[in-house]
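This structure is a prediction, so every number in the text was calculated from the model and none was measured.
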Amino acid sequence: MADTGFFTDYLVLRPDKAGLRDLLHVLYSGNVDENESMFGPPGTEIAGMRRRWDIFISLLVQRSLLLLSSPLAWFGSAVGFWGNLVPDNGGLLSLFANFMRGDVQIPVKGSDTYRSAIGLIDTRVQLDKSIKSGDPRYQAALAIMAAKLSYENEPFIESTIKNQWKMEFLAYYNCWNDYEEDFTTQAFIMRDKTNSPADLIVVAFRGTEPFDATQWCTDIDFSWYEIPHVGKIHGGFIKALGLQKNGGLPKELDDHSNKQRPYAYYAVREELRDELRRNENARYIVTGHSLGGALAVLFPLVLALHGEDLLLERLEGVYTFGQPRVGDEKLGEFAEKYLGAADGRRRYSRFVYCNDLVPRLPYDDSTLLFKHFGKCLYYNSFYRGTVKDEEPNKNYFSVFTVIPKYFNAMWELVRGFFIGFIEGSDYREGWALRLLRLFGLIVPGLPPHSPQDYVNCTRLGNYLPLDTEKHEIKLD
């Protein structure tokens with residue numbers, strides 16, 4: 001396990017060790033020492049049936065996902081192949097004609113035209129030309145497009161930034177997770193010169209892959225570590241960012257660190273240091289969707305932990321979309337010192353679209369203690385927004401909201417058939433998104449998590465300034 005001397009307290013769930021006996025043991029005993037599926041300081045007791053039940057559910061779902069990881073990955077590969085095969089051949093009719101001629105264009109995974117599942121759901125790659133630098137919506141609109149682009153492979157990202165956006169591609173990172181013992185974290189860095197001479201550097205962390213069971217486990221993992229004077233941080237997210245088994249989160253890596261296995265936090269930080277030294281006027285934003293949003297907001301908090309004052313001074317903003325909770329109330333108080341207000345304005349913008357399930361996880365209750373911090377930029381299914389302290393129905397599962405959620409899922413499915421005629425072809429929804437909307441009639445919280453709706457919020461929605469003291473007022 002990690003160098004636990006770095007932490008004052010911790011609770012780590014280990015679903016890979018969770019046998020049937022261990023799962024059942026959680027329900028009748030909170031003694032961590034007696035359970036292989038949990039790890040904590042010697043003598044740790046999990047008090048309260050409600051808390052043990054939440055941990056049981058988390059372990060059960062994670063264990064189930066791990067067992068399904070291979071067929072889920074296979075299904076994802078099939079979706080990616082067929083999803084790219086049809087457009088690469090000009091549509092179904094052209095594909096059939098090419099097949100009859102023996103001239104089928106086979107998609108090449110990893111090429112600059114191969115789209116991820118997210119890219120198939122929302123095929124837009126162009127920025128909105130009506131939102132230009134200087135427009136108050138510009139950074140948020142650029143941030144969500146960068147967050148969406150982060151799901152793609154490196155050649156696709158580089159080609160889009162250079163050829164479509166006419167910006168500068170700086171770096172792509174495929175980063176190591178010490179606990180998963182795999183490269184699970186991806187990020188890229190680009191430069192927007194439309195603000196010249198004050199260049200805007202964009203750091204985008206990739207979110208949860210739809211068919212990656214390990215990453216979904218990270219989202220629903222209730223593990224946490226408590227850092228002295230900082231607070232409790234979600235274990236899965238800090239591991240993905242760069243927590244090391246034998247070193248915790250040191251300010252600097254030693255000279256013997258394996259360069260072939262970079263940690264996300266350190267790799268991104270070094271590139272930012274270099275770029276900001278080259279241009280004293282440059283500033284940067286950090287962005288991400290879903291898991292990427294969690295990494296995006298934790299990145300500056302680790303900078304603060306390490307006393308990186310210069311990097312924090314040059315931080316223009318943090319933009320997250322569909323971001324899950326990353327820590328407890330104490331962590332939120334720590335974050336407010338650095339992101340709450342600078343020069344009279346807030347630097348942390350947390351977008352939540354309608355019934356998106358992920359921002360409502362992990363639970364904010366008396367047993368798990370996870371809390372959002374800052375203000376919530378909440379948009380309904382008509383893309384009208386308000387600034388709130390918390391999104392409505394903050395823990396999602398409520399008997400009073402079941403019927404409205406299903407009605408809303410039905411409305412989103414219907415809306416997809418005519419939004420392209422009303423708002424223009426850029427908003428037309430394809431077959432992949434329509435299938436996802438249809439699935440929303442079963443699980444209404446998943447389709448709203450798609451980047452498609454978050455892109456629409458930044459383009460069609462009203463601008464929501466955070467430097468206002470009136471939180472519940474609709475701003476048109």
Side-chain angles (χ1 to χ4, degrees), residues 1-2 10-32 34-40 46 51-83 109 116-118 121 151 174-186 206-224 234-240 243 245 290-292 294 324 357-358 360-363 368 370 396-397 435-436 439-440 442-447 449-450:
M1 298 307 294
Y10 52 92
L11 177 66
V12 181
L13 305 187
R14 301 190 289 189
D16 57 315
K17 306 289 186 182
L20 180 60
R21 176 185 174 278
D22 295 307
L23 284 172
L24 295 176
H25 191 273
V26 174
L27 294 176
Y28 66 81
S29 172
N31 191 327
V32 171
E34 300 175 352
N35 199 317
E36 288 292 321
S37 65
M38 296 184 290
F39 179 77
I46 300 172
R51 191 177 182 203
R52 294 202 301 272
W53 174 258
D54 289 338
I55 290 173
F56 167 78
I57 294 297
S58 177
L59 283 169
L60 179 63
V61 174
Q62 288 186 73
R63 184 62 178 166
S64 301
L65 283 170
L66 291 177
L67 292 174
L68 292 172
S69 59
S70 293
L72 191 62
W74 178 87
F75 181 72
S77 295
V79 169
F81 176 80
W82 287 99
K109 190 173 184 179
S116 69
I118 296 296
I121 290 171
Y151 285 94
N174 188 24
C175 298
W176 184 253
N177 185 321
D178 232 8
Y179 292 79
E180 301 296 341
E181 297 185 346
D182 199 0
F183 296 91
T184 67
T185 307
Q186 289 72 38
R206 192 183 74 174
T208 307
E209 286 284 348
F211 302 104
D212 189 319
T214 301
Q215 291 190 2
W216 278 108
C217 285
T218 298
D219 285 340
I220 59 175
D221 186 1
F222 293 164
S223 301
W224 51 264
H234 187 288
F237 301 147
I238 200 65
K239 291 172 186 174
L243 180 68
K245 286 183 179 179
S290 191
L291 166 63
L357 171 63
V358 175
R360 281 122 171 146
L361 296 173
Y363 300 152
L368 294 179
F370 285 95
Y396 189 78
F397 296 101
L435 286 176
L436 184 61
F439 183 72
I442 303 171
V443 185
L446 287 183
H449 189 56
S450 165

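Between W176 and F183, the angle of the ring planes goes over 60°, which puts this pair in the perpendicular group of the 30/60° scheme. In this pair, F222 and Y363 present their aromatic rings tilted. The plane angle is within the 30 to 60° band.
Distance check: E36 CD to K17 NZ gives 7.0 Å after rounding to the nearest 0.5 Å. Rounded to the nearest 0.5 Å, atoms CG (L446) and NE2 (H449) are 8.5 Å apart. In this structure, L72 CG and L65 CG are separated by 7.5 Å, a value rounded to the nearest 0.5 Å. Distance check, rounded to the nearest 0.5 Å: CG of D22 to CG of L59 gives 9.0 Å. Between L67 atom CG and D16 atom CG the span is 11.0 Å, to the nearest 0.5 Å. Note that NZ of K239 is 9.5 Å distant from NZ of K245, once rounded to the nearest 0.5 Å.
Nearest heavy-atom pair, R52 versus I46, reported as atom, atom and distance to 0.1 Å: NH1-O, 3.4 Å. Considering all non-hydrogen atoms of both residues, T214 and D212 come closest at N-OD1, 3.0 Å. The heavy-atom pair separating P324 from L291 by the smallest distance is CD-N, 4.4 Å. The two residues H234 and P362 make their nearest non-hydrogen contact at CD2-CG, 3.8 Å. The minimum heavy-atom distance between F211 and A117, with the atom names listed, is CE1-CB, 3.8 Å.
The side-chain heavy atoms of L23 and S37, taken from C-beta on, include no pair separated by under 4.5 Å. Two residues are said to be in side-chain contact when any heavy atoms from C-beta on lie closer than 4.5 Å; V61 and W216 fail this criterion. Counting heavy atoms from C-beta on, the side chains of I121 and L436 come closer than 4.5 Å.
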Stepwise side-chain hydrogen bond (donor to acceptor under 3.5 Å, both in side chains) test for N31 and S29: CA-CA 6 Å; N31 191 327; S29 172; 5.4 Å; no
Pair T218-N177, side chain to side chain contact (heavy atoms under 4.5 Å, CB included): steps then yes or no: CA-CA 11 Å; T218 298; N177 185 321; 5.6 Å; no
side-chain hydrogen bond (donor to acceptor under 3.5 Å, both in side chains) evaluation trace for D221 with S223: CA-CA 6 Å; D221 186 1; S223 301; 2.7 Å; yes
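Under the 3.5 Å distance criterion, the side-chain polar atoms of Q215 are matched with a main-chain donor or acceptor of E209. A donor-acceptor contact shorter than 3.5 Å is absent between the side chain of Y151 and the backbone of S116. Using modelled atom types, no side-chain atom of S58 and backbone atom of I55 make a donor-acceptor pair closer than 3.5 Å.
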